[in-house]
Structures are given as structure tokens and as C-alpha cells.
Undergrad: 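Quick one: structure below, then a few questions.
These figures come from a predicted structure and were not determined experimentally. Quick note on labels: first sequence line is chain A, next is B, and so on, each numbered from 1. Basis for what follows: all heavy atoms, side chains included, without hydrogens, waters or symmetry-related copies.
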Amino acid sequence: MPVARPEPQEPRVIAHLDLDCFYVQVEQRRNPALRGQPTAVVQYNDWKGGGLIAVSYEARKFGVKRSMRGDEAKNVCPGINLVQVPVSRDKADLNVYRNAGSEVVVAILSTKGKCERASIDEVYLDLTDAAKEMHLESPPESSESIFEEATKSNILDLPSDVGDREENVKAWLCRADANYQDKLLACGAILVAQLRVKVLEETQFTCSAGIAHNKMLAKLVSGMHKPAQQTVVPSSSVQDFLASLPVKKMKQLGGKLGSSLQDDLGVETVGDLLGFTEEKLQEYYGVNTGTWLWKTARGISGEEVEDRLLPKSHVCGKTFPGPKALKNNSSVKSWLDKLCEELSERIQSDLSCNKRVAQTLTLHARASKENEGNSMKKFPSKSCPLRYGTGKIQEDAMKLFESGLHDFWGSRNAGWSITSLSVTASKIFDIPSGTNSILKYIKGRSSDASSAILDSSSTPESTPSVDNKLYMTPVHEERCESSSMKEDCDNSNSAKQCSSIEGKGLPKKLPKVQGAGSILKFLSQSQPGQHEKRNFDGLICSHQGPESSSGASEAEQHGRDNINTAVVHSSGSGDTWMLNVEDIDPAVVGELPLEIQREIQGWIRPLKQATPKKRGSTISSYFSPARR
DNA sequence: ACGGGTACCACG
DNA sequence: TCGTGGTAC
């Protein structure tokens, strides 16, 4: 349910940019022969010609719509070009479109002001500062000429089909008697026009845009005149514009909430909403949504443009409709493996390009029961800490699946069918970039790095940043037939494979670590493999190393040298954890042999978010494949 | 046999 | 916190 945000008192200038039929444009750039042709992008053409996911404006004239199958499109538009989405690992691979979307963000980045990547083909901008600056230094009203693309704007107030449109627009943009807000919007319109031209020059992509005082209105009109046009919403036009607008057109009201407004309150247009007091709306929809509706009806929205260029999560999924449904563990496993492979590639790429790590792995599935009944029961989603490395992700995802299947289906082992699977990497954090690196210490390259750490960790209370530099990963319990486990597998089947379905084999949540700085110090000072132990706030810590004979088996088991790994035993919970303490200095990590890099990437995990830092993420290379 | 594959948000 | 549900493109 939507929620209202406190709105800034100062008027803002917000733009929403939207690439026109984006996937089609990407394909047209790749194959210019498609330009100007009726074209659509389809995925999986084996069933009824595949599903359309983008349609060119030439094809739309024939009535071709998204949601059609390729065959239908051919029927209404025989000359249509159908381009297929690339496939890898037997699933759609959207990377080329993601990369193209990044290009656009890059082109926009030079903009002064906040930029929010809202989706693969949409961006919000907060141009308030830039507009104010233009208003001060080169206001349109005192310019001799107006940027031409800006004069093609659509101004909501202006009748669009009267007289010389461009002259009218120019006059509006230059109005000396306008209020301050409208003058800022005029500046915003010019800025956006320039930006759109820049995007076109640098990427060959056209886009449409909306310019308004808030995100909601900007988004609402960005698609109003398409393609390759922009629309401005002066505050004076908001009321009339919204009054006749069908509620369903509003973002957030396109679904059940909008239907409820229609069916339960008889509200057809946004204007109809004005007849309800805030209290009344709250009665129906709760405090938050009620207030949001009340404000929305008045064109009020305080939602801020976030300063974010990168996605918050990565999802790889696939559906298995009808006869393609998966009905046994091995087919699930092979698909899950493919999905995890792709996911692993994408988070590795995110790591090496953007210095970000994902913390949580989630598995979603849709399942139906075989014999009809189509019981409403849903397959539960499950998540666990994310361990880097394709194999680990695959293992964990399969365990998550088994755990979910157990909830869904009990201990039976047949009769279900899976119609969709997806794996998500989320809770992504920037890795704090530090100059100190325990890695340097470990490598024996530089001693100031370690002493710098020791210096700070010797006064932990004054340097909370030390905690931010502790990265840890739990020991993974490989064996689920651990003797301590109760024999609760009700299945007479002797295969014990199912005993992990309770989720026991999954990586566990990390315990809270106090005094992390001290552990760091201990690790730095102690010799690996000497079995010296320390107690840190209930965590018994020993420093493991390759020389440690007793540690060798465990080290081998986990396939890594434990040179800077602490084994920590929690007397409270009885859990054992392997802590890997790294202050990741990307430059240093980058110099290491690739296998080592890979291992390190598998270890790191932020304990908590570091101080709000704005490090420049290199979005330009975000989706390029990880270096090999 | 579903518009697929993603993404984000709010709520309990 | 995690898991669910809704919405959008």
C-alpha cells in the first residue's frame, strides 16, 4: 500500500525520463535495417511465436500490443519484424538491455542533481538546483534564443492545436510574468530537452520525459506524448488535469486499490476523490494509504528522488508453464543450477565493477499440486545468507528449495509441480573503501597497513569504523546427518537426503559480534595455527592457519587456506563460525591472483553498513562481464 | 498455457 | 527480521 511522505516546502523540479519502446530501440541500434519498421522484441518463440515484450510505434499503428504472442502480432501486422531476446543457459538473458540502460544513465550523469535509476529504462532526476541556477544566470525570459528541442515541449496548460505551437511554447517558457515555480519548470524543461538530445547523441536512443514539481506528476505525464517528446505540468494545470483523469491511470492505482476505489467508493476519476475527506479515506484504507490518497488527489507527493544509479537486487528467474512444469528434484536442480550460475555471474560483476556485495539469497517458486484441486497454498519463499561462489549458491538454493518444498508438500516426494523458479540476491552494500588493508599485512607486503589497523583497534570505542571493516562468513554445515540431529524424517525411505529439509543445512544468521576490533587485533598478532584462544564477549576465537594440522581438514573441507580466518565458537548458542577479517582495498584485491580474488570475494560480507558514503560507482562498466 | 522477467515497496 | 502481497514496466 502506498504511503505519503512529508513533502518539501520548497518547490522542486523533477523529471521522469522514459526510453521509448526500449528493447526495440536496442535491437534497432544493433540492426539499423529495423529502424522505421514495425518491429517487436519477443522471447521464446517456440510457443505461439513467443511473447512480445516491446513493440515499436510503427507496429503499434497496426494494433500490435505487448501481451500478444508473436503469432497474433503477425496476424495483425504481417510485415512485422520479430527479434528474439538473447538466450543463454536456456533462459532469456536481458544483459544487453541492462547494459544499454546503463549507457543512458551514464549519458545523464553529467547532470547536476540527483539521478535515480527507477528501472531498466526509466530515470528520475531532481533538477531543482540546476533549474535555480539557470534561472539566476541565464533565465529564458532574457535569452534571445531558446533551445529548439525545448520549444517542442508539450505544456499541459497550452492548447496543443492552436496557432503556432512552437511559438506558444516559446512564449510560455519565456513568460516574464510567470510565478517563480513556473519559471523553474521552464528552466527544467530546457534542461531536460538538452539532456534528451545528449542522450540521443551519445546512445542513439530517444526518450520521452515529464517535468513537474514532483515525481508522481512527472511520471504521470512522461508517457503522455510519445515517442521522443516531453511534457510539462505547470502547477496551475494540476487541478484540471487530475480532475478528469481516470483513477486507474495513476501510479499505484492501476491494480486492486484502484479497483476498490471504483467499486467500493464509486470513484472513477481522480477528481471524484476530492469528495472524500482525509478521515473518510483513512477509514476505508488505513491511515497511511488514506492520507496518500488524499494528497494524491491534489497532486501532492513528497517522494524524494533517490541518489541511486544501481539496482537494489538481482533476480534470475524462469517460468515453466503448463506442460513444462518441473515435477522432480533433478529437473528443479538443473534449472536452479542455471539460474544460480547467472546470478553468480551478475553479483560477481557487481562486486568487481561496483565494489558491492549481496548479503541475502532468496528462492521463490510457484507450485501447483498435481491432481487438480489447485489449492490456494503458496510455495513459501526462503532465504539465507548469501555465500559467494557459483557452487555454494547452487547448493544453498537447492536447500532452500527443499526447505520450501517441505513446508509446501510435507515429506512426500512426488505429486507436486513447479511452474516458476527464481533466485534473488539482495541487501546489497557498498564495500567500504579503506586504505588500510589487513590483506597487505597477511601478504607481508606492508606493515603500516596492519599497524594502522592495530592502532585503531586498540581504542575501539573511539573508532567504530573498525567494526565496519569486519567481514565474516559462517561455517557451512556440510553434513546434515549430524549425530545430534533427531531422526525426525517421518519418511520410511532410508535416504537421508531429506533430513536437511528443516533448513538445518543452510547457512545461518550471524550472531552479533561485540568487540570486533579486538578480534581483528588478535588475528593480526597471533600466529595462525597456534591454537591460542581468546574470549571476546562470549565468542571463543582461535586463529586458524594452513600449518594447523587440526584445522587442515576443515580448511580443506571448505576449500580455502585459512590464513586469516578465525574460528569462533559461541558459547551461548553453541554455534561455530568462521570469521574472515578483511578490509577490502579493491586495488589490493585486484592485484591478487585470480583464484585468490575469487576466494576472497567468497568471504567478504559486510557486518553492517558503513557510514553513509558516496563513492563513485562505475556504472559504465557495471554489467560488463567480470574479468577473467 | 500465465504477458515473462525483473524490480521495488509496504505490511505484519 | 523474514516472508507475503501488490504494483509496474
Undergrad: For A:S260, give me all partners under side-chain hydrogen bond (donor to acceptor under 3.5 Å, both in side chains), at least two apart in sequence or on another chain.
TA: A:D264, A:Y285
Undergrad: For residues 249-273 of chain A, which residues have at least one heavy atom under 4.0 Å from DNA chain B?
TA: none
Undergrad: Which of residues 331-338 of chain A have a heavy atom under 4.0 Å from DNA chain B?
TA: none
Undergrad: Just to verify, what does A:W335 make a ring pair (Phe, Tyr, Trp, His ring centres under 6.0 Å) with, not counting sequence neighbours?
TA: A:F320
Undergrad: Please list all pairs passing the salt bridge (Lys or Arg N to Asp or Glu O under 4.0 Å) test where one or both residues lie in residues 37-51 of chain A, with sequence neighbours left out.
TA: A:D46-A:K324
Undergrad: Go through the structure and list residues passing side chain to side chain contact (heavy atoms under 4.5 Å, CB included) with A:V42, not counting sequence neighbours.
TA: A:L52, A:L82, A:Q84
Undergrad: Does anything in residues 79-94 of chain A pair up under salt bridge (Lys or Arg N to Asp or Glu O under 4.0 Å), and if so which pairs, sequence neighbours excluded?
TA: A:R89-A:E341, A:R89-A:E345, A:D90-A:K338, A:K91-A:E342
Undergrad: Encode nucleotides 6-12 of chain B as B, S and - characters from 5' to 3', where the letter depends on protein heavy atoms closer than 4.0 Å: B to the base, S only to sugar-phosphate, - to neither.
TA: SSSSSS-
Undergrad: For A:S244, enumerate each residue passing the side chain to side chain contact (heavy atoms under 4.5 Å, CB included) test, keeping only those at least two apart in sequence or located in another chain.
TA: none
Undergrad: Just to verify, what does A:N288 make a side chain to side chain contact (heavy atoms under 4.5 Å, CB included) with, not counting sequence neighbours?
TA: A:V3
Undergrad: May I ask you to decide if A:I80's main-chain N or O and A:K74's side chain share a donor-acceptor pair within less than 3.5 Å?
TA: yes
Undergrad: Does any pair with a residue in residues 278-301 of chain A pass salt bridge (Lys or Arg N to Asp or Glu O under 4.0 Å), and if so which ones, sequence neighbours excluded?
TA: A:E7-A:K295, A:K280-A:E283
Undergrad: List for me each residue that meets side chain to side chain contact (heavy atoms under 4.5 Å, CB included) alongside A:R66, sequence neighbours excluded, and say none if there are none.
TA: A:V55
